[in-house]
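See structure below.
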Amino acid sequence: MELFNFQTPSSVAELLIAKANTNAWLLAGGTDLIPQLKEGRRKADLVIDIKKIPAMNGISELEDGTLRIGAAVSATAIAQNVDAIRSYAALASSVALIGSRQVQNRATLGGNVCNAAPSADAIPALICYDAMAEIEGAEGKREILVEDLFTGPGRTQLNPTEVLISFLLPLQSERTAAAYQRFTPRREMDIAVAGVGSRISLDADGKIIAARVALASVGPTPLRAASAECVLMDESPSSQLFEEAGVAAAQDASPISDTRGSAEYRRHLVSVLCKRTLASATNELLQDTWT
Amino acid sequence: MSKEILECSVNGEQQSCLIDRRDTLLELLRTRLQLTGTKEGCGNGNCGSCTVIVDSQTVCSCLMFAVEAQDCEITTIEGVASVGELHRVQEALIKHGGTQCGFCTPGVVMSAVGLFAENPSPNESDIRLAIAGNICRCTGYEKIVKALMDVADPKGAD
């Protein structure tokens with residue numbers, strides 16, 4: 001490993017000054033960065049540890065009910081957080097799929113997102129909940145939807161001076177549920193061949209008034225399945241409807257064929273997982289009244 | 001200027017050592033502190049042989065820089081047994097033959113110690129999940145799982 005400087009800033013302001021250095025890499029959980037540095041796939045003049053910055057650590061509920069999750073919060077901390085489990089269950093369960101328990105104890109939500117793997121397990125749930133990314137850089141602060149963050153495999157629209165500080169998960173309407181499921185040949189320690197996150201919100205009559213379907217591992221970035229969402233809108237949950245949404249989601253996917261699966265197989269997985277996640281969300285909302 | 005002083009506690013003993021910033025926690029433990037019970041398998045977080053406990057959390061010590069352990073409490077396999085008495089996880093692995101070549105065993109023990117500290121009565125699925133990041137190419141896991149089930153419920157059927 002090449003020599004590098006190491007800094008541990010204690011505020012975002014200090015971090016932004018350090019980040020202005022050329023070739024600085026942020027160290028959050030390190031579960032991706034450290035192997036990359038070891039294997040020479042990345043070179044850093046400066047490694048900046050962000051785990052001592054209060055604004056990037058911790059989970060808190062804001063006055064308007066938004067849940068704010070610091071970018072440097074670990075997968076385990078999210079999976080065990082009572083507010084996340086209660087109100088954003090699809091996120092709490094999807095972060096518990098990342099690597100092993102040892103990895104989850106270090107790996108962070110910000111790292112999973114900024115690494116921008118199309119297969120990242122935490123991203124579909126964030127998209128389903130309309131999560132915003134709070135970004136700060138030389139030109140000030142901005143907030144964008146997580147779904148708009150990605151520009152390609154491993155690429156985000158953050159400019160070199162910018163840092164993702166936290167995630168803002170808006171308060172969900174009362175009758176809302178979401179689920180994320182992925183398909184992997186091995187149950188643990190594997191990368192999704194395909195993954196689907198779905199969220200539905202129902203009105204008092206049981207009609208779907210909001211729907212999100214987000215796809216992993218079936219495109220150059222995590223994708224939103226717009227036509228599947230259109231199928232669901234203003235309808236009442238039924239297995240026939242979810243079947244149709246699954247077919248639409250498979251069309252929204254743009255998978256490639258690789259060692260993990262063919263494009264055709266991945267489309268099939270998307271339709272099945274879409275159906276299953278919608279059924280799981282609906283079961284949660286309607287308990288035993290819907291089958 | 002790639003050196004710095006690291007202060008941390010390892011197996012209850014306060015340590016102060018001069019480290020290179022590029023050192024992983026694993027290198028610190030094995031090379032500087034001569035705690036060679038922690039093994040290096042893959043070096044990239046896939047195999048779990050290097051599992052140690054840092055501030056009550058299991059981690060792959062190959063995936064952490066030593067500098068990140070500043071002021072942390074670290075427990076390695078050498079710190080698991082009390083003087084003259086093995087940890088019940090170790091006892092159970094011996095009783096059930098949950099080890100063959102032994103290379104993965106320190107990591108398996110650390111993951112299991114971490115699991116029981118968090119959940120004293122895990123079920124089989126909790127146990128399999130807790131050791132999912134510990135690769136064993138000898139046992140096929142059955143005897144490891146059996147041993148850990150015995151720790152979880154010593155009165156359960158053998």
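Chain letters run A, B, ... following the sequence lines, proteins first and then strands; every chain starts at 1.
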If I take atom CG from residue A/Leu37 and atom OG1 from residue B/Thr24, how far apart are they, to the nearest 0.5 angstrom? 12.0 Å

Does [X] have more than 12 heavy atoms from other residues, nucleotides or ligands lying within 6.0 Å of its [atom1]?
X        : atom1 : result
B/Glu73  : CD    : no
B/Glu13  : CD    : no
B/Lys143 : NZ    : no
A/Arg276 : CZ    : no

Which pair of non-hydrogen atoms, one from [X] and one from [Y], has the smallest distance, and what is that distance?
X        : Y        : answer
B/Glu118 : A/Gln80  : OE1-NE2, 3.5 Å
A/Ser100 : B/Gly133 : CB-CA, 3.4 Å
B/Leu63  : A/Pro35  : CD2-CG, 3.6 Å
A/Phe4   : B/Arg22  : CE2-CG, 3.5 Å

A/Thr31, A/Thr76, A/Leu33: which one forms the most heavy-atom pairs within less than 4.5 Å of chain B?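 So the answer, after comparing A/Thr31, A/Thr76, A/Leu33, is A/Thr31.
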
Specify which of A/Arg106, A/Gln36, A/Lys51, A/Glu188 makes the most heavy-atom pairs with chain B at under 4.5 Å.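 If we count pairs closer than 4.5 Å to chain B, A/Arg106 comes out on top.
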
Using distance alone, with no hydrogens and no angle criterion, decide if A/Gln102 and B/Ser111 have a side-chain donor and acceptor under 3.5 Å apart.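 Distance-only check passes for A/Gln102 and B/Ser111.
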
Measuring only between side-chain heavy atoms, which start at C-beta, is A/Leu27 closer than 4.5 Å to B/Glu68?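 With C-beta onward as the side chain, the pair touches.
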
Sub-4.5 Å side-chain heavy-atom contact between B/Arg21 and A/Leu3: no

Against chain B, label A/Glu2 side chain, backbone, both or neither, depending on which of its atoms sit under 4.5 Å from a heavy atom there. backbone

Under 4.5 Å from a heavy atom of chain B, the part of A/Met189 involved: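 Just its side chain gets close to chain B.
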
With a 3.5 Å distance limit and no angle check, can you tell me whether [X] reaches the backbone of [Y] through a side-chain donor-acceptor pair?
X        : Y        : result
A/Lys38  : B/Asn44  : no
A/Arg101 : B/Ala130 : no
A/Asn105 : B/Val59  : no

